[in-house]
Amino acid sequence: MAVSERSPVRVRIAPSPTGFAHLGTASTALYNVLFARQRGGTFVLRVDDTDVERNRPEYEALIYESLHWLGLDWDEGPDKGGADGPYRQSERLDLYKQHAVRLLADGKAYKCWCTREELEAERKQALAEKRAYKYSRRCLLNPPAGRSEFTVRFQVPGGEVTFNDMIRGEMRFDAELMGDFIIVKSDGYPTYQFASPVDDAVMMITHVIRGEEHLSNTPFQLLIIDALGYPRPVAFAHMPLILAHDGAKMSKRKHPETNLALYREQGYLPEALINYLALLGWNPGTSQEIFSFDELVRVFSFERVQHAGARFDWEKLNWINGEYIRALDDSELARRLRQFVPELDESTICRAVPALRTRLPKLAAAREYLDYLWTEPQPPDLNPEAAERVRSAIAALREAPWEPPAIEEALERAVEASGAGKGKFYTPIRDALTGKKVSLPIHYTLALLPRDVALARLLRATAER
RNA sequence: GGCCCCGUCGUCUAGUGGACUAGGACGCAGCCCUCUCAAGGCUGAGAUCGCGGGUUCGAAUCCCGCCGGGGCUACCA
């Protein structure tokens with residue numbers, strides 16, 4: 001029996017705090033939030049921290065931080081509370097224990113005293129005989145005596161497990177092929193395959209939206225829910241995986257783009273990342289590419305979610321991010337730029353913004369355009385003609401009002417008088433000011449520097465050496 | 001090995017039997033604009049629709065086989 005279609009939608013994400021906040025977590029969170037907002041439902045954040053070895057509280061904080069940065073907020077969670085708390089699995093151990101005891105009493109689970117070595121041997125043997133491995137049920141049929149350390153295994157009843165996936169339709173799995181799996185580890189902690197379905201059932205989760213790596217875990221979890229007599233979630237949705245650029249699964253070690261903190265540090269706008277993530281795995285069916293969060297809530301649907309994994313592409317992200325940056329107004333762009341150029345005062349940033357806007361695929365790129373403001377470049381080696389042009393620029397600049405338009409006018413008069421082209425005229429100036437081949441337009445490059453500093457750099461470049 | 005998911009330009013994708021000389025976007029190339037770099041405008045290259053068989057008057061679209069990629073197969077989640 002399924003939870004009624006009319007019951008309020010409840011969805012959840014269940015990240016594990018075992019490392020930095022992951023891109024996949026953001027992606028899954030996004031689709032959950034979209035669906036919840038669309039249906040007026042509740043979005044739950046549950047922390048799946050049953051891996052005692054790898055969990056760290058600071059990683060949990062990182063998850064909150066990253067999701068908040070992205071503007072994704074939850075309705076219930078460890079930090080917010082809610083009627084179905086606690087929301088940390090490590091604080092729900094009694095609950096899992098009760099359920100395990102119930103399954104044991106009902107004869108739907110049994111204790112297993114096999115050692116890891118014995119199990120490993122079973123697996124190896126199956127492999128050698130080219131047989132699909134399935135636990136032998138030794139401890140159910142003929143348990144060894146005199147052992148104290150045990151796990152609890154679920155006795156798979158066999159048959160067939162079917163469920164509805166909102167993306168892939170009716171899914172069908174043969175439970176005869178599934179071995180009896182461990183639901184309680186020897187340290188007393190539940191396994192993911194047990195804690196997750198128990199919580200989903202008890203928290204009355206109606207739609208389980210998660211990554212495709214969980215597709216084949218679903219029948220295991222459904223078997224648990226059925227055995228416990230709980231209603232099943234109405235539906236599942238298994239989102240296509242985000243692949244690395246080389247087509248492999250993203251790994252934390254090999255692929256820095258898995259780390260959410262990176263996007264913030266590099267100056268990707270959260271709304272741009274959200275937009276990109278939405279498009280990676282879903283398609284609106286129109287040519288629209290830029291979506292606000294509210295638009296996404298309106299048009300998102302699981303019917304248009306891709307079935308195949310999508311490769312992560314920095315170029316496309318950069319483009320989308322650039323679109324968002326260009327759409328920002330002056331004061332907002334200046335505000336967001338602040339933390340990326342702490343060397344500069346407010347007014348300098350504000351004056352740079354109009355020239356910066358079309359040049360930034362990400363906010364951190366502003367540093368390359370502006371670092372000459374706090375770093376003195378090497379004086380260039382100018383040929384006599386270039387030095388002469390710089391001298392005439394100095395003369396023209398002495399009485400010009402120190403603003404981009406006035407500077408541009410003064411310079412253009414000097415260019416005309418010199419008979420040279422703008423290129424020949426401006427290049428040595430740019431070089432003297434920044435030491436680079438690329439900069440903001442020359443009048444901005446000058447105006448952002450205090451006049452005396454700018455003139456000093458130009459003067460120095462004309463000096464005989 | 002077993003089970004499951006998937007396979008259209010380099011990448012993300014549109015496409016659900018005829019309107020497909022396979023469309024769009026990113027990227028790439030050229031031109032225009034231009035002091036450099038961007039942005040913007042225009043133009044262009046780029047996909048025998050993984051392969052092989054069917055079905056059909058007609059297939060990227062339906063069926064079968066194969067190949068390739070991914071996931072699960074843990075006392076990780």
Side-chain angles (χ1 to χ4, degrees), chain A residues 14-18 48-51 53-55 89 112 114-116 119-120 123 126-134 149-153 165 167-168 171-174 177-179 181-193 195-196 211-220 238 240-241 243 245 247-249 276 279-289 306-320 322 326 355-361 365 368-369 408 411-412 415 421-427 429-431 434 436-443 445:
Chain A
S16 294
T18 53
D48 279 16
D49 57 348
T50 55
D51 186 344
E53 296 288 303
R54 298 196 298 153
N55 291 320
Q89 290 190 327
C112 174
C114 293
T115 64
R116 289 168 207 261
L119 294 171
E120 187 53 36
R123 259 191 299 270
L127 197 70
E129 294 170 15
K130 296 202 168 220
R131 246 177 37 233
Y133 171 70
K134 207 173 141 181
E149 196 174 272
F150 65 91
T151 61
V152 179
R153 278 186 192 269
D165 188 286
I167 297 165
R168 295 179 170 81
M171 299 275 49
R172 200 170 281 274
F173 286 85
D174 185 357
L177 267 18
M178 295 160 53
F181 55 99
I182 292 175
I183 58 175
V184 180
K185 308 180 217 175
S186 55
D187 65 2
Y189 274 71
T191 60
Y192 162 75
Q193 290 297 45
S196 186
E212 199 199 310
E213 71 264 33
H214 293 295
L215 188 53
S216 21
N217 284 327
T218 305
F220 291 84
H238 290 97
L241 259 21
L243 272 18
H245 203 261
K249 189 192 180 188
Y276 178 66
L279 252 26
L280 200 65
W282 167 82
N283 181 279
T286 65
S287 60
Q288 186 177 351
E289 302 235 54
Q306 305 301 324
H307 293 196
R311 294 178 198 217
F312 183 88
D313 181 17
W314 283 110
E315 300 293 347
K316 184 84 179 212
L317 206 215
N318 284 340
W319 175 74
I320 289 180
R326 274 164 243 138
L356 239 23
R357 177 176 286 104
T358 60
R359 283 165 242 263
L360 303 179
E368 293 153 38
Y369 281 107
E408 187 175 25
L411 245 25
E412 277 174 0
V415 168
K422 278 183 174 179
K424 279 214 173 339
F425 203 91
Y426 292 163
T427 300
I429 299 177
R430 171 175 294 112
D431 200 353
T434 68
K436 298 182 184 188
K437 297 261 177 290
V438 173
S439 80
L440 296 181
I442 203 69
H443 49 299
T445 305

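Here the structure is a predicted model, which means the values were calculated and not measured. Values below: all heavy atoms of this structure, side chains included; hydrogens, waters and symmetry mates excluded.
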Is there a side-chain polar atom (N or O) of Arg123(A) under 4.0 Å from OP1 or OP2 of rA74(B)?
yes

Is any side-chain nitrogen or oxygen of Lys316(A) closer than 4.0 Å to OP1 or OP2 of rG24(B)?
no

Take atom CG of Leu279(A) and atom C1' of rA14(B), then tell me their distance rounded to the nearest Å.
13 Å

Quick one: does Thr191(A)'s side chain have a donor or acceptor within less than 3.5 Å of a partner on Ile182(A)'s backbone?
yes

Among Asn55(A), Asp51(A), Asp48(A), the one residue meeting side-chain hydrogen bond (donor to acceptor under 3.5 Å, both in side chains) with Gln89(A):
Asp48(A)

When all nucleic acid strands are considered with a 4.0 Å heavy-atom cut-off, which category describes Glu53(A): base, sugar-phosphate, or nothing?
nothing

From rC26(B), rA77(B), rC75(B), pick the nucleotide closest to the side chain of Gln193(A)?
rA77(B)

Side chain of His307(A), backbone of Arg168(A): donor and acceptor closer than 3.5 Å?
no

Take atom CD1 of Ile320(A) and atom P of rG27(B), then tell me their distance rounded to the nearest Å.
10 Å

For nucleotides rA19(B) and rG58(B), find the distance between their P atoms and express it as a whole number of Å.
15 Å

Answer yes when Glu368(A) and Arg359(A) have at least one side-chain N-carboxylate O distance shorter than 4.0 Å, and no when they do not.
no

Separation of the C1' atoms in rA47(B) and rU21(B), to the nearest angstrom:
14 Å

Less than 6.0 angstrom separating the ring centers of Phe220(A) and Phe173(A), yes or no?
no

Separation between the P atoms of rG27(B) and rC63(B), rounded to whole Å
37 Å

Between rG7(B) and rC51(B), how far is it from one P atom to the other, in whole Å?
14 Å

5'-most contact on RNA chain B: Pro190(A) or Arg131(A), nearest heavy atom basis?
Arg131(A)

Could you let me know what rC66(B) is paired to, Watson-Crick or G-U wobble, both distances under 3.5 Å, or none if it's on its own?
rG50(B)

Roughly, in whole Å, what's the span from OH in Tyr192(A) to P in rC75(B)?
16 Å

Arg311(A) side, atom CZ; Leu241(A) side, atom CG - distance, nearest 0.5 Å:
13.0 Å

To the nearest 0.5 angstrom, please state how far the CZ atom of Arg116(A) sits from the OG1 atom of Thr151(A).
9.5 Å

Is there a side chain to side chain contact (heavy atoms under 4.5 Å, CB included) between Leu215(A) and Met171(A)? Walk through the geometry before answering.
CA-CA 9 Å; Leu215(A) 188 53; Met171(A) 299 275 49; 4.0 Å; yes

Base, backbone or nothing for each nucleotide of nucleotides 30-51 of chain B, written B, S, -, heavy atoms under 4.0 angstrom, 5' to 3'?
-----BBBBSS-----------

Integer angstrom distance from the P of rU13(B) to that of rC76(B)
34 Å

Given protein heavy atoms under 4.0 Å, the one-letter contact record of nucleotides 3-10 of chain B, with B base, S sugar-phosphate only and - none, is simply SSSSS---

Measuring only the C1' atom in each nucleotide, how far is rG70(B) from rU56(B)? A whole number of Å is fine.
34 Å

Would you mind reading off the distance between Gln306(A) atom CD and rA25(B) atom C1', rounded to a whole angstrom?
14 Å

Atom CG of Leu280(A) to atom C1' of rC26(B): distance rounded to whole Å?
12 Å

Distance, C1' atom - from rC33(B) to rU43(B), rounded to whole angstrom
15 Å

Rounded to the nearest Å, what distance is computed from the CG atom of residue Asn318(A) to the P atom of nucleotide rU11(B)?
18 Å

Between C1' of rG24(B) and CD of Glu289(A), the distance in whole Å:
8 Å

Looking only at atom C1', what distance separates rU11(B) and rG2(B), rounded to whole Å?
33 Å

Compute whether any side-chain donor of one residue and acceptor of the other, for Asn217(A) and Gln193(A), lie under 3.5 angstrom apart.
yes

Could you tell me whether Gly421(A) contacts a base, only the sugar-phosphate backbone, or nothing, with contacts defined as non-hydrogen atoms closer than 4.0 Å?
nothing

By salt bridge (Lys or Arg N to Asp or Glu O under 4.0 Å), Glu129(A) pairs with (sequence neighbours left out) Arg131(A)

Counting the atoms with a prime plus P, OP1 and OP2 as sugar-phosphate, which does Asp51(A) contact under 4.0 Å by heavy atoms, base, sugar-phosphate, or nothing?
sugar-phosphate

Send over the distance from Asn283(A) CG to rU16(B) C1', rounded to a whole Å.
15 Å

Quick one: sort the Phe312(A) and Tyr276(A) rings into parallel, tilted or perpendicular, breaks at 30° and 60°.
perpendicular

So what does Thr50(A) touch, heavy atoms closer than 4.0 Å: a base, only the sugar-phosphate, or nothing?
sugar-phosphate

Under 4.0 Å between any heavy atoms, over every strand shown, what does His238(A) touch: base, sugar-phosphate, or nothing? Just pick one.
nothing

